[in-house]
Enquirer: 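Here's a structure for you.
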Number of protein chains: 2
Amino acid sequence: MTTRTRRRADAERSIARIVAAARELLGRDPAATIDEIAAAAGVGRMTLYGHFRNRVELVEAALTDALAEGERTLSAVDLDGDPADALDRLLASSWALVGESSSLLTAAQDVLPPGRVRQLHGAPAARLEDLVRRGQRAGTFRTDLPIGWLVSAVHHLLHGAAEEVRAGRLDAADVAAVVTASVQSLLRPPPAPQK
Amino acid sequence: MTTRTRRRADAERSIARIVAAARELLGRDPAATIDEIAAAAGVGRMTLYGHFRNRVELVEAALTDALAEGERTLSAVDLDGDPADALDRLLASSWALVGESSSLLTAAQDVLPPGRVRQLHGAPAARLEDLVRRGQRAGTFRTDLPIGWLVSAVHHLLHGAAEEVRAGRLDAADVAAVVTASVQSLLRPPPAPQK
DNA sequence: GTTAACTCGTATATTCCCGTACGAGCTAAG
DNA sequence: CTTAGCTCGTACGGGAATATACGAGTTAAC
């Protein structure tokens, strides 16, 4: 599976640079042009088309790469022990990833077939979901809301925070603390028998 | 201010239908075409151009109209009494509005000059912010996070919920309860001196 | 050092959408 | 009923972006 028809080393390098550029530009602007990406990668547009037939293929490659890196980072996080603490650790590691690729997701939503994005996103979502479930069993997290919503809500809070930072309305230094405090509140069991 | 150069009744009707169509289509797809909007409004494209010189004017009109309706609805909400209860009432009324215009906001962000959207959005944001502030003084809402973030976070949760509903992952019947529970948790003061 | 792979420029076709121009026909308003 | 406003089709021009075609030059791999 390493080489299917044989690929030269320079091609490998070009591809890597293109994907990196795509991640960077699409991560900031979901409408980034193929020209711009090729230029940022330091290759001609034609080279890019030599490796990715479509914009679709390119976007999918960028997203896949970002998610793969995410997997690598997140799989190193220790999720044992107190679920709330584990959540803090998971969020701390997730934060940077989400911030960098926030609009890459939008780009993918625009171009990829419906559901594809969520499908590719399966692993990280499952990781969070497992943790939430464990916390629920331990009584640390709430059980009164659908778990799918809890996971989505965390997602939306992360992306929202990224947006606020980009817009300059939230200080990048504070964001980690703000996000963890918000998410912890969201997952904490509500007090009392809520009337 | 009723008639500045005089406008015929049929023109008035056309404009109203165009704006309504724009709100509906742009509320679902921020990339909706002028052709599509004209068709949905039951008028020719040229008629549309007769009333709105460019896409920008059209989008702004749609957003302004949506916000005006929002103002009308929300200003009827009683925000007195216990802040938490008032928040519930405000969310109940806000929900539908946000859901219908969720991607209209995106369309506006794409086309309008930076900051314009937020400027137009001032009133509803201020309403929520005032309520939160009052709740903070009363000790009902947390004070450990920037108020701007709290307001934004509520926003993101609302939009996120709208997205989940559209994707069929959240039942439209449950969403109101889910959203209010989530937002209340987010605004409730955290327990203890958190370690 | 020969071959196959890769790079990459120019040119061109296509598609999509915006916005304008012109003009004929309809309709509300007085 | 007259006029001014409105409707709306067709046609055109322009810009931006995607994608293809051709071909010459370069470079890694064996």
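Hydrogens, waters and symmetry mates are skipped; everything else that's a heavy atom, side chains included, is used. We name chains A, B, ... by the order of the sequence lines, and we start the count at 1 in each one. All of these numbers come straight from a predicted model, not from anything done at the bench.
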Enquirer: Assess, by modelled atom type and distance only, whether the side chains of A:Gln136 and A:Arg133 contain a donor and an acceptor separated by less than 3.5 Å.
Expert: no

Enquirer: Which whole-number value in Å describes the distance from B:Leu58 CG to C:dC17 C1'?
Expert: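 Distance, rounded to whole Å: 14 Å.
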
Enquirer: Hey, which of A:Leu74, A:Val132, A:Val77 is the one that makes side chain to side chain contact (heavy atoms under 4.5 Å, CB included) with A:Arg127?
Expert: A:Leu74

Enquirer: Verify the distance criterion only: is there a donor paired with an acceptor across the side chains of A:Trp149 and B:Ser182 at less than 3.5 Å?
Expert: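 The answer is yes; a qualifying pair exists.
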
Enquirer: Using a 4.0 Å heavy-atom cut-off to protein, can you give one letter per nucleotide of nucleotides 13-24 of chain D, 5' to 3': B if the base is in contact, S if only the sugar-phosphate is, - if neither?
Expert: ----SSBBB---

Enquirer: Do A:Thr140 and A:Arg134 meet the criterion of a side-chain donor-acceptor pair at a distance under 3.5 Å?
Expert: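 There is no such pair between these side chains.
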
Enquirer: Which pair of non-hydrogen atoms, one from B:Ala38 and one from B:Arg45, has the smallest distance, and what is that distance?
Expert: CB-CA, 3.9 Å

Enquirer: Taking CZ from A:Arg13 and P from D:dA28, how many angstroms apart are they, rounded to a whole number?
Expert: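 Between P of D:dA28 and CZ of A:Arg13: 7 Å.
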
Enquirer: Please determine if a side-chain N or O atom of A:Ser14 lies less than 4.0 Å away from the OP1 or OP2 oxygen of C:dC6.
Expert: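 Negative; the distance criterion is not met.
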
Enquirer: In whole angstrom, give the distance that lies between atom CG of A:Asp10 and atom P of C:dT3.
Expert: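 Value for this atom pair: 19 Å.
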
Enquirer: Provide, to the nearest angstrom, the distance between the CD1 atom belonging to B:Ile15 and the C1' atom belonging to D:dC6.
Expert: 11 Å

Enquirer: Quick one: do A:Arg8 and A:Glu12 make a salt bridge, cutoff under 4.0 Å?
Expert: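 A salt bridge is absent here (no side-chain N lies under 4.0 Å from a carboxylate O).
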
Enquirer: Taking five pairs at each end, how big is the angle between the two axes of the helix from C:dG1-D:dC30 to C:dG30-D:dC1, to 10°?
Expert: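 Here the helix ends are tilted 30° relative to one another.
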
Enquirer: Can you confirm if the aromatic rings of B:His121 and B:His155 lie within a centre distance of less than 6.0 Å?
Expert: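 Ring-ring flag for B:His155/B:His121: true, centres closer than 6.0 Å.
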
Enquirer: Given atom CZ of A:Phe52 and atom C1' of C:dC6, what is their separation to the nearest angstrom?
Expert: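 Interatomic distance, CZ of A:Phe52 to C1' of C:dC6: 14 Å.
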
Enquirer: For D:dT7 and B:His51 - does any side-chain N or O of the residue sit under 4.0 Å from the phosphate oxygens OP1/OP2?
Expert: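 Yes, B:His51 has a side-chain N/O under 4.0 Å of OP1/OP2 on D:dT7.
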
Enquirer: State whether a side-chain donor-acceptor pair under 3.5 Å links A:Ser103 with A:Arg166.
Expert: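 Distance-only check fails for A:Ser103 and A:Arg166.
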
